[in-house]
Amino acid sequence: MENILDKYKSVSINEVTTWFKAGNIKDFPSNRGGCIKYKDKQIAVFNFERRNEWYACQNACPHKMEMVLSRGMTGSADGVPKIACPMHKKTFSLVDGSNLNGDDFSIATYPVKVVDNEVFVGFLE
Ligand code: FES
């Protein structure tokens, strides 16, 4: 059976081949997440207004494969922006996707840029 997580791989800004327009900044709530679809991927996009930063990651939580990370709670741990899954509170770095609980699963992260109030997420395809 195909693992739904197989299609999610982190993309660094240097690898981006497609900047996908995710929406206008008004479409994303402050300090919370929104969910977009790119091809067969669900991507959570976070407007960290209090840090004046944007982040994107897979919407699927690798713990139980729930499509929920966009509804998680944003915060920071030792200065690292993080997302806590709303289901069982596993937390992940939004910088490199690492698991901050010490579990061995992580998430894919994607670059975000804002140009003229439009939000773009970078993909490698
Ligand atoms: S489904 Fe996300 S922490 Fe369990």
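- Pairs engaging residues 4-23 under the ring pair (Phe, Tyr, Trp, His ring centres under 6.0 Å) rule: Phe20-Tyr38 [sequence neighbours left out].
- The minimum heavy-atom distance linking Ala56 with Ile43 is given by the pair CB-CG2, 4.0 Å.
- Not counting sequence neighbours, Asn47 has no partner by the side chain to side chain donor-acceptor pair (under 3.5 Å) test.
- Applying the side-chain hydrogen bond (donor to acceptor under 3.5 Å, both in side chains) test to every pair with at least one member in residues 59-69, sequence neighbours left out, gives these pairs: Gln42-Asn59, Asn59-Ser70, His63-His88.
- The side-chain hydrogen bond (donor to acceptor under 3.5 Å, both in side chains) analysis of residues 105-117, with sequence neighbours excluded, yields no pairs.
- Thr74 and Arg32 make their closest contact through CG2-CA, 4.4 Å (heavy atoms, listed as atom of the first residue, atom of the second, distance).
- In summary, of the residues considered (Phe46, Phe28, Phe48), a ring pair (Phe, Tyr, Trp, His ring centres under 6.0 Å) with Tyr55 occurs for Phe48 alone.
- Counting heavy atoms from C-beta outward, Trp54 and Ile25 have side chains that approach closer than 4.5 Å.
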Considering only distance and modelled atom types, tabulate donor-acceptor pairs under 3.5 Å from the side chains of residues 76-87, sequence neighbours left out.
none

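- Side-chain atoms of Glu125 and Lys39, non-hydrogen and from C-beta on, do get closer than 4.5 Å to each other.
- Here the shortest heavy-atom pairing between Val68 and Cys61 reads CG2-CB, 4.1 Å.
- Hydrophobic clustering, with ILVMFWY side chains joined whenever heavy atoms are under 4.5 angstrom apart, groups Met65 together with Met67.
- Using a 4.0 Å cut-off between charged side-chain N and carboxylate O, Glu15 and Lys9 make no salt bridge.
- Cluster membership for Val45 and Val11, using ILVMFWY side-chain heavy atoms within less than 4.5 angstrom, is shared.
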Kindly list each side-chain donor-acceptor pair under 3.5 angstrom involving residues 91-103, sequence neighbours excluded, with atom names and distances?
{"residue": "Ser93", "atom": "OG", "partner": "Val95", "partner atom": "N", "Å": "3.0"}
{"residue": "Ser93", "atom": "OG", "partner": "Asp96", "partner atom": "N", "Å": "3.2"}
{"residue": "Ser93", "atom": "OG", "partner": "Asp96", "partner atom": "OD1", "Å": "3.1"}
{"residue": "Asp96", "atom": "OD1", "partner": "Ser98", "partner atom": "N", "Å": "2.9"}
{"residue": "Asp96", "atom": "OD1", "partner": "Ser98", "partner atom": "OG", "Å": "2.7"}
{"residue": "Asn99", "atom": "OD1", "partner": "Asn101", "partner atom": "N", "Å": "2.6"}
{"residue": "Asn99", "atom": "OD1", "partner": "Gly102", "partner atom": "N", "Å": "3.3"}
{"residue": "Asn99", "atom": "OD1", "partner": "Asp103", "partner atom": "N", "Å": "3.4"}
{"residue": "Asn99", "atom": "ND2", "partner": "Phe105", "partner atom": "O", "Å": "3.1"}
{"residue": "Asn101", "atom": "OD1", "partner": "Thr91", "partner atom": "N", "Å": "2.7"}
{"residue": "Asp103", "atom": "OD2", "partner": "Lys90", "partner atom": "NZ", "Å": "3.0"}

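- In this structure, Thr18 contributes its side chain and Phe123 its backbone to no donor-acceptor pair below 3.5 Å.
- Gln58 places a side-chain N or O within 3.5 Å of a backbone atom of Ala108 that can act as its donor or acceptor partner.
- Between Ile107 and Leu69, the closest side-chain pair of non-hydrogen atoms falls below 4.5 Å.
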